[in-house]
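Lettering of chains follows the sequences in order, A, B, ..., and the numbering in each one begins at 1.
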2 protein chains.
Amino acid sequence: MAQHQKSTDKRNALIKATIELVNNNGFHATPMSKIAKMANVSPGTIYLYFENKQDLVNQTYIEVKAEYTKYAFANYNEDACVEKSFEMIWKRIADFKLKACEYAFFLAQCDNTPIIDEASRQEGIKHLQPLLDLWARGKQEGIIKPIDDYLLYAYSINPLSFLLTVQKRAAFTLSENQIEEAYQAAWDSIKLNK
Amino acid sequence: MAQHQKSTDKRNALIKATIELVNNNGFHATPMSKIAKMANVSPGTIYLYFENKQDLVNQTYIEVKAEYTKYAFANYNEDACVEKSFEMIWKRIADFKLKACEYAFFLAQCDNTPIIDEASRQEGIKHLQPLLDLWARGKQEGIIKPIDDYLLYAYSINPLSFLLTVQKRAAFTLSENQIEEAYQAAWDSIKLNK
DNA sequence: ATTAAGAAAATGAACGTTCATTCATTTTTT
DNA sequence: AAAAAATGAATGAACGTTCATTTTCTTAAT
């Protein structure tokens, strides 16, 4: 354990440092030397774990994205009705984005800039399938609007990224009540009106 | 005219080049030398128009943001009812974001990263007031949900940024029909259900 | 109209700095 | 004592910015 453990520790420290520095300074102002310093590691050591800077950022992205989707679907099973299932997933996602906001902000940054390889972006998108499946079921049952998944995502999930950014910038926190209001807005935007 | 005209041309060319290069390569991979080359200008000339790289990006942001809001409210007057007014503004914004997508993508990038000064960000936000006023009216008349403006923006306006990004990435174009669907989702998310 | 002189604008080579990355050496682990 | 992991000084390329020089424009006297 010891040897491999130590390695994982360093790797994690490097990824954590990358997230923090890129969030606060941007990719352009995040030199490898600073990442090394914050992770308590020598600059050269980074290259034992990552090919180069691009690889470090790509892998950080993939890792964070995986944690995000893992969290989102952790307690999900397909037994509940569409509406309840969606609410469960939505609230898990909200939980993650607003609580683990460092992670979520990093993702938002990567998703809105060309700092990530297209391949890594594709890799990160994979794990969203359960939500797409749920939407397919919802459309079939006439509960969710029969519109493109991109539209459903844009209106029901993505707004959380904006709210997270506002929260980070304005040093203002969404109340429990506001999260409920946000959920209502999300559901209202995609549910099929009878 | 001649002398001052020429200056404006160079300035505009520099701003245009900045947008294009930052969009495609990211801020970190956009050296001043490339900006100069694309604008057909010597590197030194940039410093006649802008203090430094940060100033160039800040001013580009402010300029694009101003164009965006100017376009959004160009044909707006406060005579129509809340719903119609919102629809008009929304469609103008959609028009801008999906047609002038280079501009909109640049804004999205700036809004989701720390590359812009906080001061410039504040400067850019100013011109949104008419929309906030409309929402205030809508809340008062019981037409729009009595929730925070950030929530209204997150659900009714911001999704367009996501759709724009998808459009740019996936080389896929939103159809007229899908824009209508998007508008419905936007309105459904913020209108007060009787 | 032409031109000469002065001012303004533009140039691009040069500068100093910073950065990503390497590798000879040291430290730690097996 | 051999192997693996980590170090950090060294390297060379790239960058933002400067400034001595050149080019272009403006003015006004002829």
Side-chain angles (χ1 to χ4, degrees), chain A residues 1-61 106 109-110 113-117 120, chain B residues 1-61 106 109-110 113-117 120:
Chain A
M1 171 179 167
Q3 177 238 333
H4 200 278
Q5 185 54 45
K6 197 166 192 185
S7 294
T8 317
D9 283 356
K10 288 223 166 84
R11 212 188 104 100
N12 288 342
L14 283 166
I15 284 184
K16 190 157 176 286
T18 302
I19 294 167
E20 195 169 330
L21 287 168
V22 170
N23 275 354
N24 292 320
N25 310 328
F27 184 74
H28 71 288
T30 304
M32 295 297 257
S33 54
K34 268 195 197 165
I35 295 174
K37 193 164 285 173
M38 179 168 276
N40 278 318
V41 139
S42 142
T45 305
I46 301 182
Y47 293 86
L48 299 176
Y49 294 90
F50 304 96
E51 252 179 62
N52 49 37
K53 193 178 179 183
Q54 184 65 59
D55 183 48
L56 166 60
V57 177
N58 285 343
Q59 290 203 41
T60 303
Y61 175 78
F106 181 80
Q109 211 173 150
C110 293
T113 61
I115 65 182
I116 293 293
D117 279 353
S120 305
Chain B
M1 172 183 170
Q3 178 239 333
H4 199 278
Q5 186 54 46
K6 197 165 192 186
S7 295
T8 316
D9 283 356
K10 288 225 166 83
R11 212 189 105 100
N12 289 342
L14 284 166
I15 285 185
K16 190 156 174 289
T18 302
I19 294 168
E20 195 169 330
L21 287 168
V22 170
N23 276 355
N24 292 320
N25 310 328
F27 182 75
H28 70 287
T30 305
M32 296 297 257
S33 55
K34 268 195 197 165
I35 295 174
K37 195 164 285 174
M38 180 168 275
N40 279 317
V41 140
S42 140
T45 304
I46 301 182
Y47 293 85
L48 299 177
Y49 294 90
F50 304 95
E51 253 179 62
N52 49 37
K53 193 179 181 184
Q54 183 67 58
D55 183 48
L56 167 59
V57 178
N58 285 343
Q59 289 203 42
T60 303
Y61 175 78
F106 182 80
Q109 211 173 150
C110 293
T113 61
I115 64 182
I116 292 293
D117 279 353
S120 305

Subject >> Pairwise distance OG1(B:Thr18) to CG(B:Asn23) - rounded to 0.5 angstrom >> reply: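 Answer rounded to 0.5 Å: 10.5 Å.
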**OP:** Ignoring hydrogens and angles, state whether a donor on the side chain of A:Glu20 or A:Asn24 is under 3.5 Å from an acceptor on the partner side chain.
**Re:**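 Judged by distance alone, the side chains do not pair up.
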Atom-to-atom span, [atom1] of [X] to [atom2] of [N] - whole angstrom:
| X | N | atom1 | atom2 | result |
| --- | --- | --- | --- | --- |
| A:Phe27 | C:dT18 | CZ | P | 19 Å |
| B:Gln54 | D:dT17 | CD | C1' | 15 Å |
| A:Phe50 | C:dT22 | CZ | P | 15 Å |
| B:Arg11 | C:dA9 | CZ | C1' | 16 Å |
| B:Ile35 | D:dG16 | CD1 | P | 7 Å |
| A:Asn25 | C:dC19 | CG | P | 11 Å |
| B:Tyr47 | C:dA8 | OH | P | 23 Å |
| A:Leu14 | D:dA6 | CG | C1' | 12 Å |

Original post:
Backbone N or O of A:Asn58 within a donor-acceptor pair of the A:Asp117 side chain at under 3.5 Å?
Top reply: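 Checked: no pair found.
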Check nucleotides 11-14 of chain C against the protein and report each pair of N or O atoms closer than 3.5 Å, with its distance, or say if there are none.
| from | atom 1 | to | atom 2 | distance (Å) |
| --- | --- | --- | --- | --- |
| C:dT11 | OP2 | B:Ser42 | N | 3.0 |
| C:dT11 | OP2 | B:Thr45 | OG1 | 2.4 |
| C:dG12 | N7 | B:Ser42 | OG | 2.5 |

**OP:** Could you give me the CA-CA distance, side-chain angles and deciding distance for B:Val57 and B:Thr60, then say whether side-chain contact (heavy atoms from CB on, under 4.5 Å) is met?
**Re:** CA-CA 5 Å; B:Val57 178; B:Thr60 303; 5.5 Å; no
**OP:** Counting heavy atoms from C-beta on, name the nucleotide in D:dG16, C:dT21, D:dA6 closest to the side chain of B:Met32.
**Re:**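 The answer is D:dG16, which lies nearest to the side chain.
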Original post:
Does a side-chain N or O from B:Tyr49 land closer than 4.0 Å to OP1 or OP2 of C:dA10, or not?
Top reply: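 Yes, within the criterion.
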Subject >> Working for side-chain contact (heavy atoms from CB on, under 4.5 Å), residues B:Cys110 and B:Phe27 >> reply: CA-CA 10 Å; B:Cys110 293; B:Phe27 182 75; over 6 Å; no
**OP:** For the pair B:Met32 and B:Leu56, evaluate side-chain contact (heavy atoms from CB on, under 4.5 Å) and give the outcome as yes or no after the intermediate values.
**Re:** CA-CA 10 Å; B:Met32 296 297 257; B:Leu56 167 59; 4.2 Å; yes
